[in-house]
**Q** 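Got a structure here, written out as structure tokens. Questions coming.
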Amino acid sequence: MHLAFDGPDRRSGVIGALRRPLRWIARPRRVVSLILTAVLVAAIGTLLWQARTLTRQADDIRAARSDSLTWLVAQVEVEFLRFKAALLAADATDPALGLAQASRGFDIFYSRAMLFDPEILGFRRPDNDRVLSSLERMRDRTQALADTFDTASPDALPALHAEAIAQAEALDTMVRNFAMEALEIFIARETAARVQQTALTNRFATLAILVVVLLSALLVLIVDLYRDVAARARAMRRVGATLNRTIEASRDAIVLTDGEGRIRLFNAAAEATFRRSRASVTGQSAASVLLAEAAGTGAEAGAAAGAGPLAPFLDPGAFSQRGVWTGRRADGTEFPFEVQAVADFDREGQRICFLFLRDITDQRAVEAALHGARDSAERHAEARTRFLAVMSHEMRTPLNGVVAALDLMARGTLSRQQRRLLSLGMASGQSALRQVDDLLAYARTEDADRTGETAEAFDPAAVAEAIVAQHTPLAGSEGPPIDLVVEGEARGTLLGLRRSFERALGNLVSNAVKFGEGRHVVVRLARVPEGPDAVALTLRVTDQGAGIAAADHARIFEDFERLQPDAAPGTGLGLPIVRHAVAAMGGTLHLTSAPGAGSTFGFSVVMPRAPAAAAVLPAPVAQPQPVAAAGAGSGLEVLAAEDNTINRALLGEMLFRLGHRAHLAADGEAAVAAARGRHFDALVFDEGLPDITGSTALARIRAEGGPSAAAPALCVTAVAGPDELARLQSTGGFDAALAKPLRLDGLSQALAHLTAPPNDRLLTPAVVQDARDLLGAEGFSQLLARFEAETRAVLAAMSAGGGDAAADARRLHHAAGAASLIGAERLARMLLAGETEAREGQPLTPAGAEALLRVLELTVAALRARADPPRHDRPPRGDRAAPGATRPQAAAR
Amino acid sequence: MSYRPAPPPVSTPGATATRRALLLGGTAAAGLRAAGAAAQAALDPPAGPVLLRIGGAIAHTNDGDAAAFDDAMLGALPQVEFTTRTLWTRTPNRYGGPSLRAVLAAVGAGGGRIHATAANAYRVEIDRRLIGGGMPIVARRIDGAPFGVRARGPLWMMFPFDDRPDLRTETVYAQCIWHLTDLTVDPA
């Protein structure tokens, strides 16, 4: 089977491209042949001209313009001799007759002699002077003789005879001389003509030889060119044959069309792909044969009518184009194919186009399968995440009830046994909550991109302190001591993913506590400047637990992996959460551990420094807050909306315990109606109310402008998560949000924040002002110095105190009073909170003491500034933001 | 009395012109009829000096087995005139006389070769293929006047060289015999 390349004429662009170098090689020969041809033409022209000259000469000879002069001249002598003979023969017997005959002979001679006109003979002066004078003399004498004859009288015939003879004798020599001289000239003339003719002939012959030589050269050249062309044609046929075989053997369908899109070539693969025979498609429009879209559409007018939608491919300017089309087989079935077009010009300058077609049905199927598999995997992952979220939510609701109930119970009077059991229950409930929170956190971190956490300014040291404080064992509870060591730059606000940081560090600390076998845990935070604008942050959490074999180092970061599946508590999600969180921050994890040598988990992350203007957030979470410190908020009228009966009862009980009056609503509409009727000091709404959401209810209350429209609002939600809490505050309109389960202290703190107008401020300006006015600048400074010294002494005593809670409580109470007196509002509140905890048997932790010390320093600095003549009427507001109640860890701990 | 032969009678120029017009303007058949008519009549003996003697294979004679013509007899035949130059003359001249064809017809000449002889013993064969179309003529007048032996007369075989360049060849010039005295017709 061979293709439709019929001979070297049908040359494709590919073959045409092969020809170009050959053409270059052939060029010098072409120049030579051009020159040869020009010379040949000139030579042939000259030859023709010469031939014409020769022909003219031949004509001249044939025309015999001069008759036979030699004959004429020779004849003159003959006729003279005849006349003379007749004259001499005339005798005396009949002189008249003799003379008459002689006269006739003379006449004949005369006519001949008179014939020799110089012009007719072609004699010219001065060359022919001699013969001309001979002629002159001969003619004169002849004329004289003629006169003699004419004038002769019949009476004097003998005298005439004698006279004639005498004259004839004289004439004889003249005629002879003339004849000789004339002949001489004729001979010379003939010789000259012959020489000229010979020269002409020679020239002609030379030219003819030249022409023959030139023709021979041309012949050689032509033969050479012919051979070359033949060789090239053979090469072309070979290339064509190779191309044909290549095209024929190609697994891709190959279709060659002309500029109008008509099929010239259709290879075997194309036949198989389109299930059409070559014969049936050759000359047809490619578009109508190949494409499903073009089927049935008639040939449009225009150059590329046959090409139809394929027309753009036929533009040779667009050398290579690609596209995907729907093809149609002979049986009408359709299939997708990919086409790669290569357009070019063939040798005649006609456009041609190679279409390389590939059926991509299988490729499409594979792609679809891959997409399906991916979608399915994504669905599964989503389902798992959703399952985790739903399950944790479902579990949190009952746990909420359990923990809150136990919490309330703990505030009652209990026997030792009851308290022991209660704390066991609390621990179990909280453990369960932690695990649920772990799951939630995992589900969240696994999909870090979706959390959409954005960088914010925070102080890693403060976060670390808070986390350490969370895990520091409270009085009466078990757990190892934790030390925080801050190395390098002590403090400074950085820009980073705060929640990821909290999550990673929190889990590491939690693990260290969990697996540290009760021994000392050290948290090290190292900050090393990384260029002028960034800080390399390294956190290490070291425990003195059993340690981990090197073989297990990688494994334990995998999801749900646990070192000893049966022994340790926990979900096995702590380290995967760390891994995700660190990855989200772009940091690196490290682990140093060996069996028996404890473990050091850590991570490093580079964070840019926050711009100076960025707000410094306060130490965020879970500073022990005074439950009973709600003095400012006591006696609040609180509208609480909660649909779950148990939770509603618990909420009401908590509010009652906090000294507030609770007005309970079971749904959103009831709450809105209640708020419409009277003023409330605060609103506490569950977000997940059955009829309208808490935020909707709040929005209505605010919008209606009723008596409670301006009341501060707290949201309580079971949909735990920082995003959700942030959303409730930003778009939900709440002033604060708490995750369930509610704890009494969390609720107290949140309400205190909401309702104490100068909320959590460092100083009470009015008190400070009064004290300063009363004592004067001098006295105020002295009071301030004494206050600082005493408070430092109290804190130092407590740190060294060794756990006498009752003594601590007394000291704290004293210090709080002093702080209140001088207007150190936050410090007083913190000291009171510490007192409350101390009364409940929890000694002040080192972290708590550290926090108190820091606030003391801040307070003293601020008061010193005020000891000078008053410049500020208002307190600094810089630390008034972000109530700690919104921190998820507060609930998730 | 002069030793010179008497000049031949002169035909009137008007009659000559008329005949010439007749021959040149009319058809060759008219000339043939005229010649035929002349042949019917017996050839009269010449009255004046004999200028041309025709022998050989001829049908009509008036002098033994030959036919002799004087100037009047030649003048009685249809006359042809033309003007031409020759190799031997400087200027064009008007030549007049009967055509050779008419002369041959007058004697009933056969189809054999024709030999012409001159008074100066010049002899040449007249190519029969050249005969026809009013040429050659046996010229007996130049510019209307008879011409003597001294002027290559009295009879001169003449071709119209000016009108027919193809005649200007040595062969034809050779047949231009002057001093014409005798014609011999070979048997066919």
Side-chain angles (χ1 to χ4, degrees), chain A residues 58-72 74-76 78-83 86 90 94-122 142-143 145-147 149-155 157 160 164, chain B residues 1-8 49-51 84-93 117-124 127 130 139 142 146-182:
Chain A
D59 279 349
D60 288 350
I61 289 163
R62 190 176 60 88
R65 208 175 282 278
S66 57
D67 197 357
S68 181
L69 289 171
T70 315
W71 163 262
L72 285 179
Q75 205 60 21
V76 75
V78 170
E79 286 171 3
F80 174 73
L81 287 177
R82 275 199 192 132
F83 150 64
D94 189 353
L97 179 64
L99 277 178
Q101 283 171 343
S103 172
R104 186 171 172 82
F106 177 78
D107 286 349
I108 289 170
F109 164 68
Y110 180 90
S111 75
R112 175 81 59 183
M114 288 307 137
L115 185 67
F116 296 120
D117 186 282
E119 202 167 300
I120 290 171
L121 289 171
T142 304
Q143 192 58 53
L145 193 52
D147 293 344
F149 275 111
D150 290 349
T151 58
S153 144
D155 307 329
L157 283 180
L160 170 66
Chain B
M1 156 185 177
S2 166
Y3 66 89
R4 301 186 58 81
V50 174
L51 298 185
T84 187
R85 279 168 299 202
T86 71
L87 278 181
W88 312 277
T89 51
R90 278 190 188 186
T91 54
N93 296 102
T117 308
N120 62 359
Y122 179 76
R123 209 166 49 228
V124 71
D127 189 346
L130 291 173
I142 293 179
F147 52 106
V149 177
R150 288 192 189 173
R152 293 183 280 269
L155 297 179
W156 192 356
M157 193 76 80
M158 185 53 65
F159 293 82
F161 295 105
D162 278 8
D163 295 339
R164 298 276 301 272
D166 59 303
L167 294 177
R168 297 176 206 155
T169 69
E170 209 160 346
T171 325
V172 179
Y173 284 129
Q175 296 175 46
C176 234
I177 180 171
W178 63 72
H179 303 312
L180 176 67
T181 55
D182 290 277

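Letters A, B, ... mirror the listed sequences (proteins, then strands); counts begin at 1. These numbers come from the heavy atoms of this one structure, side chains and all, not from hydrogens, waters or symmetry mates.
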**Q** Which heavy atom of B:N120 sits nearest a heavy atom of A:R82, and at what distance?
**A**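 Answer, listing the atom of B:N120 first, then A:R82: O-NH1, 2.7 Å.
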
**Q** Relative to chain A, which segment of B:A118 carries a heavy atom at a distance below 4.5 Å: side chain, backbone, both, or neither?
**A**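 No part of B:A118 comes within 4.5 Å of chain A.
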
**Q** Between A:F116 and chain B, with a heavy-atom cut-off of 4.5 Å, which part of the residue counts as in contact: side chain, backbone, both or neither?
**A**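 For A:F116, neither part sits under 4.5 Å from chain B.
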
**Q** Can you confirm whether B:W88 sits close enough to A:L72 that some side-chain heavy atom of one is under 4.5 Å from a side-chain heavy atom of the other?
**A**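 The answer is yes, as the side chains (C-beta and beyond) meet within the 4.5 Å cut-off.
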
**Q** Check A:S111 against B:A151 and note the closest heavy-atom contact, atom names and distance.
**A**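 That closest heavy-atom pairing would be CB-N, 4.5 Å.
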
**Q** So, do B:R152 and A:Y110 sit near enough that their side-chain heavy atoms are less than 4.5 Å apart?
**A**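 A side-chain contact is absent here, since even the closest heavy-atom pair is not under 4.5 Å.
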
**Q** Hey, are the side chains of A:I108 and B:Y122 touching, using non-hydrogen atoms and a 4.5 Å cut-off?
**A**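 SC-SC contact between A:I108 and B:Y122 ruled out.
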
**Q** Taking only Lys NZ, Arg NE, NH1 and NH2, and the carboxylate oxygens of Asp or Glu, determine whether A:D150 and B:R150 approach each other closer than 4.0 Å.
**A**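 Yes, charged N to carboxylate O under 4.0 Å.
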
**Q** Is there a side-chain contact (heavy atoms from CB on, under 4.5 Å) between A:D107 and B:H179 once you walk through the steps?
**A** CA-CA 10 Å; A:D107 286 349; B:H179 303 312; over 6 Å; no

